[in-house]
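The block underneath contains the structure these notes are about, expressed in structure tokens.
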Amino acid sequence: MRKLIALAFAALAATTVVAQKPLSLRTPDGKPDLQGIWSNSTITPLERPQNVTSLVLSEAEAARMERATLERRERLNEPSDPDRPAPPKGGDGSTGAAGNVGGYNNFWLDPGDRVAVVDGQRRSSLIIDPPNGRIPALTDEARARQGARLKLMAGRGQYDHPEFRPLAERCLLSFGPTTPLVPNYFYNNNLQIVQTPDHVMILMEMVHDARIVRLNATTHLPRHMRPWMGDSIGRWEGDTLVVDTTNFPPQQNFRGSSENLHVVERFRRVDAKTINYRFTVDDPSTFTAPFSGEIPFRAMDELIYEYACHEGNYALSNVLSGARNEEKRLGTKQEKQ
Amino acid sequence: MRDFAVAFFTAIVVGAGFWAATPVDTQTARPARVAGKPNLNGVWQALNTANYDILSHPAKAALAFRPGPVVPVPAAPVVAFGAVGAVPAGIGIVEGDEIPYLPEAKKKQLENQANWLDRDPEIKCYLPGVPRANYMPFPFQILHSDKAIFFAYEYAGAVRNVYLKDPGPAPVDSWMGQSVGTWEGDTLVITVTGFNDQSWFDRAGNHHSDQLKVVERYTPQGPDHLWYEATIEDPQTFSKPWKIRMPLYRHINPNARLNQFKCVEFVEELMYGKFRKTQGPQ
């Protein structure tokens, strides 16, 4: 098994070498130029579906996935029937922001329409290690943590306090993970990179979050300082920008991770239109093994706009006050501390 | 005397030890210019009290008052802050120390000031707008490269990407507006338009409409200082354009960095506490 992993890596490394062309896109100080506006949206899922065995898709398989996405989108974009009845009381049973009594329809969503292509390979999953393309099993500690949280938020409990609501609903962070830069398969997978000799700034359009990576730094923040998105320090290894991030707040979890989350990201500009982004997630108190993935960032010729989320956040007060009204209706009272 | 000398010596040794033990980011030598223009990279901050009031103002006990038996006293919601809630005096940043409000707009400013607790967008951690972002009591970092000029503010994580090529009128109004930058010699001139009417200039209720246009001028005065001027134009609010000006100082600590002040989380109790399942003490 170990040999197999080594072989798989050797194969990946070989493709990397073949695909790397001499790079003319450089900053005045000779570093690869990562600057610009990028999208990491894709239809390749983070984890490989159980029924798919290979990391690499054939051209026909990839074309089929992209066609199916397009057809689905066209179907959803058809004008609504003006004579349709109102949704049933309590919603139609579907889940997520677009479901229930009707939230965002397809017009508002932008989850990507292409299979991820890395070093010429069409990928079935973003995760490349472990070789099955899936996030390793959770540790007992992580399962216990998750269980406790589910219990706390069971049923209507999730509407008890603002702190129980998802970070995106609280306008604290984007719908998707921001470190690592994994797509959210929903919308707004746009980011901007600005690069100086001492810093690399990565702006997530949602929620105007600038992660400023300190280059030439050797130490992270003191342990008790845990900014959203973590504390990032970076260095150049040849033509690859390597960013090391720790000091995550415990509330910002990536697939169940803890405050011990450690993310290493590698940015490699491979051509005029592409950055190859590779991430490794390690958190021994959550995952039984580290895991890594690769995502192509595509250059966009569009601008990024202000995502002023909190300033217009009617959702959070309505969600919470709605729950209180429902309790009043059912005869339960707001408890005093 | 001897004790004093020992204490002094100890302080020096301990101090030196502190500096030796404190990790300092090693920065590459700071070049004077970036792509032929003055290097604006760095963590900058204004050093004044303009965020309280952009006009000259004396020190006072609080930002919100109620009528007292003798003189107005701090209003109930802020009285617990004591000296921490008091306002330091300051000389104004407005040229001529006067804002040429139209009569209705002046009335609104006075109302805003009287209802500061309910109305100041800073209290709810809303985006600060321009120029207020530049003189809030927080640093901001300019990232300046051959391709981009980007402002990252510590307060509320506000950002401005300064377009170096004019993309045309802003397609939609925003809190921070749309910034377009050009160089006039060594002065960076940023024209900011496309504002909504929600942000304020300070905690004194000074306001504007969505017709606001701000033309900023950043002129280096040596590697660690910028002279900042902004011309404010808004025919719906002011009878004529007016100007503010102040120096901006660069943080020269080698360890200088932008920290995070994501206050959205800090105002959840203020904004949503009343909707909790379990109510805290009121």
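Scope of the values below: all heavy atoms of this structure, side chains included, with no hydrogens, waters or symmetry mates. Convention: sequence-line order gives letters A, B, ...; per-chain numbering from 1.
Of the two parts of B/Pro121, neither the backbone nor the side chain holds a non-hydrogen atom closer than 4.5 Å to a non-hydrogen atom of chain A. Both the backbone and the side chain of B/Leu127 come within contact range of chain A, each with at least one heavy atom under 4.5 Å from a heavy atom of that chain. For B/Tyr126, the parts lying near chain A are the backbone and the side chain together; criterion is any non-hydrogen pair under 4.5 Å. B/Ala35 does not touch chain A: none of its heavy atoms, backbone or side chain, sits under 4.5 Å away. Interface residue B/Val267: only side-chain heavy atoms are found under 4.5 Å from chain A. Using a 4.5 Å cut-off between heavy atoms, A/Asn313 touches chain B through backbone and side chain atoms alike. In this structure, chain A has no heavy atom under 4.5 Å from any part of B/Gln198.
Ion pair A/Arg165/B/Glu268 not flagged as a salt bridge, since none of the NZ, NE, NH1 or NH2 atoms sits closer than 4.0 Å to an Asp/Glu carboxylate oxygen. Remark: B/Arg30 does not engage A/Asp198 in a salt bridge, criterion side-chain N to carboxylate O under 4.0 Å. Salt-bridge annotation for B/Lys124 and A/Glu311: absent, with no side-chain N of the basic residue lying under 4.0 Å from a carboxylate O of the acidic one.
To the nearest 0.5 Å, atoms CD (B/Gln260) and CG (A/Asp231) are separated by 10.0 Å. Expressed to the nearest 0.5 Å, how far CD of A/Gln35 lies from CG of B/Asp146 amounts to 5.5 Å. With rounding to the nearest 0.5 angstrom, the CZ atom of B/Phe275 is 14.5 Å from the NE2 atom of A/His161.
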